[in-house]
Number of protein chains: 2
Amino acid sequence: MTARPAPHADPTRARLLDAAADTLREDGITGLSARHVAARAGVNQALIFYHFDTVAQLVDAACRAAVEASIRDYRDRFAAADTFADLLAVGRELHERERAAGNVAMMAQLMAGGQSNEQLAATARYCLARWNDELDDAVTRMLARSALAGLIDPAGLTELISAGFLGLELYEGVDPSSARHAMSTLEHLGDLIEIVDELPAVARRTLQTKMRRRRRPPRSAR
Amino acid sequence: MTARPAPHADPTRARLLDAAADTLREDGITGLSARHVAARAGVNQALIFYHFDTVAQLVDAACRAAVEASIRDYRDRFAAADTFADLLAVGRELHERERAAGNVAMMAQLMAGGQSNEQLAATARYCLARWNDELDDAVTRMLARSALAGLIDPAGLTELISAGFLGLELYEGVDPSSARHAMSTLEHLGDLIEIVDELPAVARRTLQTKMRRRRRPPRSAR
DNA sequence: GTCTATAAGATGATAGAC
DNA sequence: GTCTATCATCTTATAGAC
């Protein structure tokens with residue numbers, strides 16, 4: 001058979017993927033052009049079309065690769081998180097590191113572009129789904145042990161957490177001090193939820209009863 | 001004196017402002033060009049530069065005007081909100097209506113563009129600050145009456161709510177069903193907070209003591 | 001104030017030499 | 001696989017007629 005190098009072994013391809021992700025992270029969706037990406041990768045502009053056909057397909061491949069790479073770093077930590085406190089700790093660390101790495105910014109740009117471009121939207125959906133997959137198991141485990149078991153939908157909470165992080169990221173890009181202020185308030189709220197979770201059994205049962213009553217009103221009129 | 005019509009009375013100016021806001025809402029920051037906006041407004045492209053000098057300044061003016069206009073509709077409702085339940089109800093309504101009007105999408109696009117464009121970032125900061133001004137009084141009043149008084153910073157909570165709404169909006173643009181799922185989970189969480197807030201005085205004091213202990217550890221080592 | 005025409009440059013994408 | 005050169009089209013912005 002002919003020598004067919006694995007796709008990932010192609011150095012030009014890899015340089016373009018990295019450059020596309022970096023451009024999205026640093027210059028945003030508006031700065032993303034074939035020429036910019038190629039210049040950053042140090043290769044000729046025409047190679048983008050040779051390797052990926054269109055700029056949009058390069059972006060798609062770059063974002064998928066970036067998400068796979070960063071998710072791998074967190075798989076073990078998510079798997080080890082059982083309690084709300086654990087999950088909050090992982091979330092804090094993930095936010096700090098992914099922020100520094102620019103991956104949340106990349107996601108935010110992808111989603112902003114996806115509002116009016118179905119191809120980018122599909123890429124964004126895929127990336128979100130991958131992160132949510134990782135989060136989901138941990139959130140489900142955590143909820144199962146908590147006072148909120150059966151009251152809050154795990155998948156919905158996972159999506160809500162993702163949405164919240166993305167909003168904070170966008171905020172941080174235009175107003176860092178306010179965003180950090182919001183983040184620290186979120187941590188206070190996290191502490192609060194943790195405390196509620198540690199309430200004595202009597203209080204927990206009261207909470208659950210009230211919650212069920214509120215969400216599932218009896219069929220007969222009161 | 002010469003006849004100098006009020007700036008808002010200029011029909012071309014007004015058409016351009018509306019068209020710029022609509023373009024941002026529908027086509028996003030990537031679709032925003034002088035030609036697109038002018039075509040939508042039904043006027044010549046050169047008039048953008050005559051009236052606003054640059055496209056960026058038109059966008060700035062359009063977003064400020066749009067935010068002023070929509071805030072005016074909510075001032076009374078925010079002013080009337082005292083409890084957490086009130087605020088949640090206003091938030092729900094605001095989210096639905098502003099989403100339908102496309103104003104949250106406009107903000108999200110503004111912030112996405114602002115990540116790499118200081119002029120857009122300044123516009124985004126201004127718009128966010130205006131919304132937060134409106135929210136802040138209501139959040140402060142609500143917190144003051146709640147079990148969390150003194151435990152959660154009102155300004156931080158306001159910023160957190162804004163960030164969360166923006167994240168949900170971005171999410172909805174690429175994955176509507178997941179975003180709605182997340183939104184309904186948020187409403188469940190809102191109910192939960194409300195219930196905690198209605199706990200008997202004993203439970204509230206326990207909560208406050210635990211929270212203070214966690215956030216402000218004594219200086220002497222345990 | 002509004003238009004046409006145009007400058008000056010960026011963009012996605014392709015053809016074809018090497 | 002990689003390059004140069006190029007197309008057609010888009011962009012912001014300006015000059016000048018009306």
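Reminder, nothing fancy here: chain letters follow the sequence lines and each chain counts from 1.
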query = Is any side-chain N or O of B:S33 closer than 4.0 Å to OP1 or OP2 of D:dT11?
reply = yes

query = Separation of A:R13 atom CZ from D:dG1 atom C1', in whole Å?
reply = 13 Å

task = Return the value, rounded to whole Å, for the distance between atom CG of A:N44 and atom P of C:dG12.
result = 14 Å

task = Using atom CG of A:L16 as one end and atom C1' of D:dT2 as the other, report the distance to the nearest whole Å.
result = 12 Å

Whole-Å distance separating the CD1 atom of A:I48 from the C1' atom of D:dT2 = 14 Å

message = Expressed as a whole number of angstroms, how long is the span from A:L47:CG to C:dA17:P?
response = 18 Å

message = Looking only at side-chain N and O atoms, does A:T123 offer a donor or acceptor that is under 3.5 Å from a partner on A:D60?
response = yes

query = Within less than 4.0 Å of OP1 or OP2 of C:dT2, is there a side-chain N or O belonging to B:T12?
reply = yes

query = Pick from A:E172, A:E169, A:E187: which one makes a salt bridge (Lys or Arg N to Asp or Glu O under 4.0 Å) with A:R180?
reply = A:E172

request  = Please determine if a side-chain N or O atom of A:H36 lies less than 4.0 Å away from the OP1 or OP2 oxygen of C:dA10.
outcome  = no

message = Nearest to the B:V55 side chain among D:dA13, C:dT2, D:dT2, which nucleotide is it?
response = D:dA13

query = A:D53 has an atom CG; how far is it from atom P of C:dA15, in whole Å?
reply = 13 Å

request  = Name the closest nucleotide to the A:F49 side chain, picking from D:dT2, C:dA13, C:dT2.
outcome  = C:dA13

query = Rounding to a whole Å, what distance do you find between A:Y50:OH and C:dA17:C1'?
reply = 15 Å

inquiry  = Need one value for A:A46: base, sugar-phosphate or nothing, where a base atom within 4.0 Å counts as base even if backbone is also close, heavy atoms only.
reply    = base

task = Examine the side chains of B:T185 and A:D153 and answer whether a donor and an acceptor come within less than 3.5 Å of each other.
result = no

query = What is the distance from CD of B:Q45 to C1' of C:dG1, rounded to the nearest Å?
reply = 15 Å

ask   = Where is the tightest heavy-atom contact between B:L24 and B:V59, given as atom of each residue plus distance?
value = CD2-CG1, 4.3 Å

task = For A:T158 and A:D136, test the side chains for any donor-to-acceptor distance below 3.5 angstrom and give the result as yes or no.
result = yes

